[in-house]
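Quick notes on the structure that follows.
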Amino acid sequence: MANSVPFSKVEGLGNDFVVVDLRPGRPGEAVKDAVTSPATVRSVCDRHFGVGADGVLAILPAETGDARMRVLNADGSEAEMCGNGIRCVAKVLYEDNPNLKKPVLRIETGAGLLECEVDEQGGEVSSVAVEMGRPRLTRAEIPMASPSNETAIRSRISIADTEFVFTAVSMGNPHVVIFVDDPTADLRGLATSFGPRIENGPLFPKRTNVEFARIRGHEIDLVVWERGCGITLACGTGACATVVAAYLEGRLPGNVETPVHLPGGTLWITVATEASGPDGTVNLSPLGVRMRGPARRVFEAHLNLPAPKA
């Protein structure tokens, strides 16, 4: 006998998710352990035999916020944070809960409590601006192999006899950002070839997301190899980490909204910074990151799951 659990299929720039509300009093509460098990997540995310998604987003009760978001990757592993995902969760929370129809929702994540400002018309959310918090820059925070108190800005890594210069940033989850100056280089090809090797390399004990980026004027083209997912159409935390890295490397200024063009569309990222010191040096401690982008509900349906054992 199966339990029928309602879900929403929601996407942000083609980064698509199965969103399930597992809070007390919802139909999914009784089978929340089954819904979030690695085997179920892999089955649900399978694009041939399942619903098809980059991950499952579980909405859970919060201690201090309006709700808590748990991020489960398509391979069944768990991520600390998902930028596109939190916009999707904010949309579902706002549209489906009369008591949460307020301009700013506070959602707990593995990266902390984040504020999500919704842009809605007629009760439907079209876009969400998320205060993503302060980026983490030390090796211990990312995490990377020691020395733990150092940063990794313009560091070098060799993969299959190819050397890359990278900057590592954590937005609650780890990222390796590689800027490609060659205008003819294939960003997707680089991400496909080198992304999985960097993701699983010994330098990153919890694996890492990998960004290959190109700056054009004050805009960025970006392809992301996502930890636990592979190539995706968009990655919110990856876009944030890339703009942070561009600032840290002196490629772009702070306090300016930067368009980041991903295969699925564009996100707008702002790195909040303090003014330069009296000697004109750049402050390498960004105060925070703001991400703005769309969220769209694709359809609603039900998952059939085995009833929990007595």
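- With rounding to the nearest 0.5 Å, the separation of CD1 in Ile215 from CD in Glu249 is 8.0 Å.
- A side-chain donor from one of His175 and Asn173 sits under 3.5 Å from a side-chain acceptor of the other.
- Residues that satisfy the ring-ring contact (aromatic ring centres under 6.0 Å, His included) test with Phe212, not counting sequence neighbours, are Phe164.
- Looking at heavy atoms from C-beta onward, Glu211 lies out of side-chain contact with Val260 at the 4.5 angstrom threshold.
- Between Pro143 and Lys206, some side-chain heavy-atom pair lies under the 4.5 Å cut-off.
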Margin query: Please evaluate residues Leu262 and Leu222 with respect to the criterion side chain to side chain contact (heavy atoms under 4.5 Å, CB included), reporting the C-alpha separation (whole Å), side-chain torsions for both, the decisive distance (0.1 Å), and the verdict.
Written below: CA-CA 5 Å; Leu262 298 120; Leu222 178 64; 3.7 Å; yes
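- Not counting sequence neighbours, the partners of Glu163 by the side-chain hydrogen bond (donor to acceptor under 3.5 Å, both in side chains) test are Arg156.
- Considering all non-hydrogen atoms of both residues, Arg136 and Ala111 come closest at NH2-O, 3.3 Å.
- Counting heavy atoms of neighbouring residues, nucleotides and ligands inside a 6.0 Å radius, atom NZ of Lys101 exceeds 12 of them.
- A donor-acceptor contact shorter than 3.5 Å links the side chain of Asn209 to the backbone of Pro174.
- With a 4.5 Å cut-off on side-chain heavy atoms, Arg26 and Lys32 do not count as touching.
- Taking OG1 of Thr109 as the start and CG of Leu57 as the end, the distance is 12.0 Å to the nearest 0.5 Å.
- Hydrophobic clustering keeps Val210 apart from Val177 (ILVMFWY residues linked when any side-chain heavy atoms are closer than 4.5 Å, directly or through intermediates).
- Leu248 and Ile157 fall into different hydrophobic clusters, defined by Ile, Leu, Val, Met, Phe, Trp and Tyr side-chain heavy atoms under 4.5 Å apart, directly or through other members.
- Between the side chain of Asp119 and the backbone N or O of Ser126 there is no donor-acceptor pair closer than 3.5 Å.
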Next item on the list: Verify side chain to side chain contact (heavy atoms under 4.5 Å, CB included) between Leu114 and Met81, making sure each step is shown before the conclusion.
Entry: CA-CA 10 Å; Leu114 304 182; Met81 173 57 188; 3.5 Å; yes
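- With sequence neighbours excluded, the residues satisfying side chain to side chain contact (heavy atoms under 4.5 Å, CB included) with Glu95 are Lys91, Glu124, Val125, Arg297.
- With hydrophobic clusters built from ILVMFWY side chains whose heavy atoms lie under 4.5 angstrom apart, Ile153 shares a cluster with Tyr247.
- Residue Pro135 forms a side-chain contact (heavy atoms from CB on, under 4.5 Å) with just one option from Thr237, Ile142, Val243, Val169, and that option is Val169.
- Of all heavy-atom pairs between Phe299 and Val51, the closest is CZ-CG1, 4.0 Å.
- Thr151 meets the side-chain hydrogen bond (donor to acceptor under 3.5 Å, both in side chains) test with no other residue; sequence neighbours excluded.
- Considering all non-hydrogen atoms of both residues, Gly76 and Arg42 come closest at N-CG, 3.8 Å.
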Check: Would Leu93 and Ile107 satisfy side chain to side chain contact (heavy atoms under 4.5 Å, CB included), going step by step from the backbone distance to the final call?
Finding: CA-CA 10 Å; Leu93 284 171; Ile107 299 176; 4.0 Å; yes
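- At least one donor-acceptor pair closer than 3.5 Å links the side chain of Glu108 to the backbone N or O of Gly65.
- In this structure, Val104 is not a member of the same hydrophobic cluster as Leu113, with clusters built from ILVMFWY side-chain heavy atoms closer than 4.5 Å.
- Glu199 pairs by the side-chain hydrogen bond (donor to acceptor under 3.5 Å, both in side chains) definition with Arg207, Trp225, not counting sequence neighbours.
- Counting heavy atoms from C-beta outward, Ile59 and Val92 have side chains that approach closer than 4.5 Å.
- For the atom pair Arg296 CZ and Ser127 OG, the distance stands at 14.5 Å (nearest 0.5 Å).
- Exactly one residue among Arg290, Arg292, Arg106 makes a salt bridge (Lys or Arg N to Asp or Glu O under 4.0 Å) with Glu117. That residue is Arg290.
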Margin query: What verdict does the side chain to side chain contact (heavy atoms under 4.5 Å, CB included) test give for Val298 and Asp16, after you've listed the backbone C-alpha separation in whole Å, the side-chain angles of each residue and the deciding distance to 0.1 Å?
Written below: CA-CA 9 Å; Val298 182; Asp16 58 339; over 6 Å; no
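- Met171 and Val176 fall into different hydrophobic clusters, where Ile, Leu, Val, Met, Phe, Trp and Tyr side chains are chained together by heavy-atom contacts under 4.5 Å.
- In this view, Ala79 and Val71, Asn73, Arg227 satisfy the side chain to side chain contact (heavy atoms under 4.5 Å, CB included) rule, not counting sequence neighbours.
- Between Leu287 and Arg134 the shortest side-chain heavy-atom distance falls below 4.5 Å.
- Across all their heavy atoms, Leu190 and Ala185 have their closest contact at CD1-CB, 4.3 Å.
- Closest of all the heavy-atom pairs between Ala74 and Cys229 is N-SG, 4.1 Å.
- Residues passing the salt bridge (Lys or Arg N to Asp or Glu O under 4.0 Å) test with Arg70, sequence neighbours excluded: Glu78.
- Atom-to-atom distance recorded for Asp75:CG and Leu72:CG is 10.0 Å, nearest 0.5 angstrom.
- Val56 places none of its side-chain heavy atoms less than 4.5 Å from the side chain of Thr36.
- Heavy-atom contacts from other residues, nucleotides or ligands closer than 6.0 Å to NE2 of His218 number 12 or fewer.
- Residues passing the side chain to side chain contact (heavy atoms under 4.5 Å, CB included) test with Glu150, sequence neighbours excluded: Arg139, Pro147.
- Taking the side-chain hydrogen bond (donor to acceptor under 3.5 Å, both in side chains) definition, one finds that Thr270 meets it with nothing, sequence neighbours left out.
- Within the structure, ring pair (Phe, Tyr, Trp, His ring centres under 6.0 Å) contacts touching residues 8-56 (residues at least two apart or in different chains) do not occur.
- Salt-bridge annotation for Lys102 and Asp66: present, with a side-chain N of the basic residue lying under 4.0 Å from a carboxylate O of the acidic one.
- Among the candidates Thr242, Val224, Leu267, the single residue satisfying the side-chain contact (heavy atoms from CB on, under 4.5 Å) test with Cys235 is Val224.
- Distance alone, capped at 3.5 Å, is enough to place a donor-acceptor pair between the Glu11 side chain and the Leu13 backbone.
- Within the 4.5 Å cutoff, side-chain heavy atoms of Leu252 are placed close to those of Ile220.
- For the side chain to side chain contact (heavy atoms under 4.5 Å, CB included) test, no residue two or more places apart in sequence or in another chain qualifies with Ser193.
- The closest donor-acceptor contact from the side chain of Ser37 to the backbone of Ala34 lies under 3.5 Å.
- Residues Asn149 and Thr138 have side chains not in contact (no heavy-atom distance under 4.5 Å, counting atoms from C-beta outward).
- Atom CZ of residue Arg251 and atom OG1 of residue Thr167 lie 8.0 Å apart, to the nearest 0.5 angstrom.
- Sorted by first and then second residue, the salt bridge (Lys or Arg N to Asp or Glu O under 4.0 Å) pairs with a member in residues 53-65 read Arg47-Asp54; sequence neighbours excluded.
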